[in-house]
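Following: one structure in structure tokens, then a few remarks.
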Amino acid sequence: MEMNNNDGLIAATIRGFLDSREYKYDFEEEKSCFSMGFTLDNDRVKVRIVFNEEKEWFSVFVYPSHAIPVNKINKIMPVLNMINYEVLFGAIYCDPEDGELAVRCSASVDDRSVNETMVGVMLSTALNIADDNIDKIMKALYTD
């Protein structure tokens, strides 16, 4: 994708990172969101990188392809709590309304500190949390 002259520094940095790796992505300017998909070792995931130029932050969200049946969410909560306790950055959540799993890694930045390395670290951290833990979650869900 070509550079957008309307991009603020955070958007331009995210776009620069994605373009330098030749990732295919969609950009929704009105939602301040880049979206794409990845195939990992243990799952296929959707990724959204959302940013706010004014408040100086961005978040990487990774959505595993698996959803938890709403009536089984309580069964996996101890596993999610343990994962969240063990990870240094980021967290994995389960939406109580529909069972959607999501990993989130966020960064608060200012114009001087955002760079492509930071974007890469946040993205790889979120992807790794999802990929490294989806089997634990599914095992807890389907074992008695």
Side-chain angles (χ1 to χ4, degrees), residues 1-68 70 72-142:
M1 296 212 145
E2 62 188 52
M3 206 60 158
N4 182 341
N5 291 333
N6 295 327
D7 282 351
L9 185 58
I10 297 171
T13 303
I14 295 167
R15 188 184 302 276
F17 170 81
L18 298 173
D19 288 345
S20 71
R21 274 119 185 114
E22 298 182 357
Y23 291 146
K24 292 181 170 62
Y25 60 88
D26 292 318
F27 178 64
E28 298 176 71
E29 187 171 6
E30 66 282 354
K31 293 182 179 181
S32 300
C33 177
F34 294 87
S35 58
M36 67 215 78
F38 287 93
T39 300
L40 307 176
D41 291 337
N42 297 308
D43 202 2
R44 287 186 12 224
V45 297
K46 293 183 285 180
V47 174
R48 292 177 56 227
I49 304 176
V50 181
F51 62 93
N52 187 310
E53 298 282 354
E54 190 174 295
K55 294 183 179 179
E56 299 183 314
W57 60 261
F58 73 94
S59 292
V60 176
F61 293 89
V62 173
Y63 301 94
S65 64
H66 301 75
I68 306 302
V70 176
K72 304 264 184 168
I73 291 174
N74 286 340
K75 188 172 182 180
I76 61 126
M77 290 310 293
V79 175
L80 297 184
N81 286 340
M82 185 54 68
I83 293 167
N84 289 334
Y85 179 77
E86 292 173 351
V87 297
L88 185 55
F89 298 105
I92 189 164
Y93 304 93
C94 185
D95 186 329
E97 298 293 317
D98 63 9
E100 179 181 55
L101 291 170
V103 174
R104 180 182 71 197
C105 289
S106 299
S108 178
V109 299
D110 61 35
D111 286 345
R112 295 171 310 280
S113 69
V114 66
N115 59 56
E116 290 184 22
T117 299
M118 180 186 293
V119 174
V121 167
M122 301 303 280
L123 177 60
S124 65
T125 298
L127 290 169
N128 287 333
I129 291 170
D131 201 37
D132 293 346
N133 292 290
I134 194 66
D135 288 346
K136 293 178 200 170
I137 296 165
M138 293 298 108
K139 184 177 179 183
L141 180 62
Y142 293 110

*Separation between OH of Y63 and OG of S35, rounded to the nearest 0.5 Å*: 10.5 Å

*Report the C-alpha separation of H66 and M138 in whole Å, then their side-chain angles, then the decisive distance to 0.1 Å, and conclude whether the side-chain contact (heavy atoms from CB on, under 4.5 Å) test is met.*
CA-CA 8 Å; H66 301 75; M138 293 298 108; 3.5 Å; yes

*Working to the nearest 0.5 Å, report the span between CG of D7 and CZ of F27.*
5.5 Å

_pair V109-I10: side-chain heavy atoms closer than 4.5 Å_ = yes

*When you look at V45 and V47, which way does the side-chain contact (heavy atoms from CB on, under 4.5 Å) test go after all the steps?*
CA-CA 6 Å; V45 297; V47 174; 4.2 Å; yes

*Under 3.5 Å donor-acceptor, D131 side chain and L40 backbone*: no

_Could you measure the distance from the CD1 atom of I49 to the CZ atom of F58? Nearest 0.5 Å is fine._
7.5 Å

*Counting only N and O atoms by type, is there a donor-acceptor contact under 3.5 Å from the side chain of E53 to the main-chain atoms of A11?*
yes

Return a table of donor-acceptor pairs under 3.5 angstrom between the side chains of residues 73-80 and protein atoms on other chains or two or more places apart.
residue, atom, partner, partner atom, Å
K75, NZ, L141, O, 3.2
K75, NZ, T143, O, 2.7

*Can you tell me which residue pairs pass the salt bridge (charged side-chain N to carboxylate O under 4.0 Å, His left out) test with a partner in residues 30-40, sequence neighbours excluded?*
E28-K31

*Quick one: CG on L18 to CD on E116, what's the gap to the nearest 0.5 Å?*
9.0 Å

*Among pairs that include at least one residue of residues 120-129, which meet salt bridge (charged side-chain N to carboxylate O under 4.0 Å, His left out), considering only residues two or more places apart or in two chains?*
none

*So, S124 side chain and G120 main chain: donor-acceptor pair closer than 3.5 Å or not?*
yes

_Candidate pair F38 and L127, rule side-chain contact (heavy atoms from CB on, under 4.5 Å), full reasoning_ = CA-CA 9 Å; F38 287 93; L127 290 169; 4.1 Å; yes

*Report the residues that fulfil side-chain contact (heavy atoms from CB on, under 4.5 Å) with N115, sequence neighbours left out, ordered by chain and then residue number.*
T117, M118

*asked:* Restricting to non-hydrogen atoms, name the atom on D132 and the atom on K136 that form the minimum distance, rounded to 0.1 Å.
replied: O-CE, 4.1 Å

*Which pairs, with at least one residue in residues 35-50 and sequence neighbours excluded, count as a salt bridge (charged side-chain N to carboxylate O under 4.0 Å, His left out)?*
none

_So V60 and V119, do their side chains get closer than 4.5 Å, heavy atoms only?_
no

_Just verifying a value: how many Å separate N128 CG and N133 CG, rounded to the nearest 0.5 Å?_
9.5 Å

_Close side-chain approach of F34 and Y23, heavy atoms under 4.5 Å_ = no

_Atom pair SG (C105) and CZ (F61), whose distance is rounded to the nearest 0.5 Å_ = 10.0 Å

Table please: side-chain donor-acceptor pairs of residues 86-103 below 3.5 Å, with sequence neighbours left out.
residue, atom, partner, partner atom, Å
Y93, OH, R104, NH2, 2.9
D95, OD1, E97, N, 2.7
D98, OD1, E100, N, 3.0

